[in-house]
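The structure under discussion appears below in the form of C-alpha cells.
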Number of protein chains: 2
Amino acid sequence: MIGTVTGPAPDAREATRARIEAAALDLFTRHDFETVTADEVADAAGISRRTFFRHFATKADTVWGDFHAHVLRLEGMLAATSDDQPVLASICAAYVEVNDYADADLPLLRERMRLILTEPALQAHSQVRYADVDRVVAEHVARRTGTRADGLVPRLVALSTRAAATTAFETWLAGDGSLADDLHAAFDQLAGGFPTLR
Amino acid sequence: MIGTVTGPAPDAREATRARIEAAALDLFTRHDFETVTADEVADAAGISRRTFFRHFATKADTVWGDFHAHVLRLEGMLAATSDDQPVLASICAAYVEVNDYADADLPLLRERMRLILTEPALQAHSQVRYADVDRVVAEHVARRTGTRADGLVPRLVALSTRAAATTAFETWLAGDGSLADDLHAAFDQLAGGFPTLR
DNA sequence: ACCGTAGTGGCACCGAGTGCCACCGACAAG
DNA sequence: CTTGTCGGTGGCACTCGGTGCCACTACGGT
C-alpha cells in the first residue's frame, strides 16, 4: 500500500498547527493584527518563522482555522437539501447548520469574526476565502434552477446570501442573541424582498 | 491670504497622477497584476519608485481612479432621491446614475472592473474600498427608515445591493449589453425576493 | 547498517511600503 | 538680486510578508 502512515505521528503536524493558531489569535486579540509580526507569532508558538509559513501560507490564514473543511461541509449540506424546499430556504438552512457551534466554541468564533470583520487586512483577505463559498452556493442554485453557475441569478443569490450571512454575523457580534436567529432574520428580509421597506 | 496658488502649477500633480494610472493600467492589462512591480510602473510613468508611492498609497489603488469622488457622488445622489420612491429603487437609481459613463470611457471601465473582479489581490483590496460605499448606502437606508445605520436592515440592504451591483458588473463583463440594464435586472431580482425561484 | 520521507531551521532573496534627508524649482519679500 | 519658504522629487536605508534553497534530524521500512 502506498502512502500509509509514516513520519512523526499522524497528528503531530495538526498539533503544531493548533499551537500556532492559538498563539496567533491570542496576539491578534491583545494587539492590532498588523502590528503583530509573523516572527512574534512564531516565537509565541515555539517554532521558527520559516516553519510558521509552512503551516500557514499567510499571516491572515491563521484566523480562519480549517476553512476549507468548512466550505466542504457547506457543499455537502447544500447537496443534501430537499428539492421541495425553496432555494433560499435551503441555503439558509445550510448556513445555519454549518455555523452551529457548541456553546464552548462560541467565544472563539466571536473573536475570529470580530477580527475578520474589523481588521482591514483580514476584511480584505476574507473576500478571497469567501469566493469559494460563493462558488459552492452558485453551483447549488444553478443545479436547482437548471441554469449556468455563472449566470445572473446563481451569482446574485450566492453574493447576496453571503451578504445576509455577513450582516447576521455583524448583528450577532454587536448583540447577545443567537447566531441562528440573526441568520434567519437576515434571510427572511432577503427572501421577502425587504418587506419592512414597504 | 494664506495657502494661495504656489508651486509647479495647480494641476501638475494631477497630470503625473494620470500618467501613473495610465502606465499602471497598461502594464496590468498586458501582464498579471502581481508580476508587475511598483518599480516597473514607476519607470513606465517616468518617475521614481518613491514618487509613485507618494501619489498612490498602494499598487492596487492605481486601478481605482478617484474612487473617493465616486463615493461622494453616490452619496449626493442618494441624498437627492425623493422619499416617495421605494428605498431599493432609490439605491438602484443612484447606482445606475453614478455608473453612467460616456461610451468612450467604457473600454477603460471594462478593463478596470475586469482587473478588480478577477485578480485576487485586487479582489481583496476591493473589500476595503467598497466599505465606504456600504457605509454611505446604510446611512441612506437608516435615514429613510428612521433606524440606526448599523442595524440589520440598513446593513443588509447596503451589502446586498452592493452584491447586486457586483453581479451586474460580472454579467456586463461577460456579455455585451448595457450596464444599466444589468443593474436593473439584478436590483429587480433583489427587490422582488428572487421571483424566478418560485 | 541503509535508505526514503517529512518536518524543521537558517539563510538569502524579492517586493511592498515607509521614514528621513537632501535637492530643486517656483514664488514672495527684503 | 538675494534670501527664505514651500511643494514635489529622488535616493537611501529599513521593516515586514512571503519564498526558494539547503542542510539537519527523526522516523519507519528493508
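Computed from a prediction, not measured in an experiment: that's the story for all the values here. To find a chain, count down the sequence lines: A is the first, B the second, and so on, and within it residues start at 1.
Phosphate contact (OP1/OP2 of dG17(D), side-chain N/O of Thr58(A), threshold under 4.0 Å): absent. Taking 4.0 angstrom as the limit, His55(A) places none of its side-chain polar atoms (N or O) nearer than this to OP1 or OP2 of dG7(C). The side chain of Thr51(B) contributes an N or O atom lying less than 4.0 Å from OP1 or OP2 of dG10(D).
Counting distance only, with no hydrogens placed and no angle test, the side-chain atoms of Arg49(A) and the base atoms of dG17(D) include a donor-acceptor pair under 3.5 Å. Taking only distance into account, the side chain of Arg50(A) meets the base of dG20(D) through a donor-acceptor pair shorter than 3.5 Å.
If you measure from atom CD of Glu34(A) to atom P of dG18(D), you get 12 Å, rounded to the nearest angstrom. What separates CD1 of Ile47(B) from P of dG7(D) is a distance of 20 Å, to the nearest Å. Regarding Arg13(A), its CZ atom lies at a distance of 7 Å from the P atom of dT8(C), rounded to whole Å. For Arg19(A) and dG7(C), the CZ to C1' distance is 13 Å, given to the nearest whole Å. Residue Lys59(B) contributes atom NZ, which lies 14 Å from atom P of dG18(D) at whole-angstrom precision. Rounded to whole Å, the distance from CZ on Phe53(B) to C1' on dA13(D) is 15 Å. Rounded to whole angstrom, the span from the CZ atom of Arg54(A) across to the C1' atom of dG9(C) amounts to 8 Å. Rounding to whole angstrom units, CZ of residue Arg17(B) and C1' of dG7(D) are separated by 17 Å.
Remark: Phe194(B) CZ to Leu156(A) CG distance equals 4.5 Å, nearest 0.5 Å.
The shortest heavy-atom contact between Glu21(A) and Thr62(A) is CG-O, 3.3 Å.
Counting non-hydrogen atoms of other residues, nucleotides and ligands closer than 6.0 Å to CZ of Arg73(B) gives a total above 12.
Side chains of His140(B) and Ser90(B): a donor on one and an acceptor on the other come within 3.5 Å.
The side-chain heavy atoms of His70(A) and Asn99(A), taken from C-beta on, include a pair separated by under 4.5 Å.
Both Val36(A) and Gly46(B) lie close to DNA chain D; mapped to their nearest nucleotides by heavy-atom distance, the more 5′-ward contact belongs to Gly46(B).
Residue contacts shown for Val41(A) are absent, as no nucleic acid heavy atom lies under 4.0 Å away.
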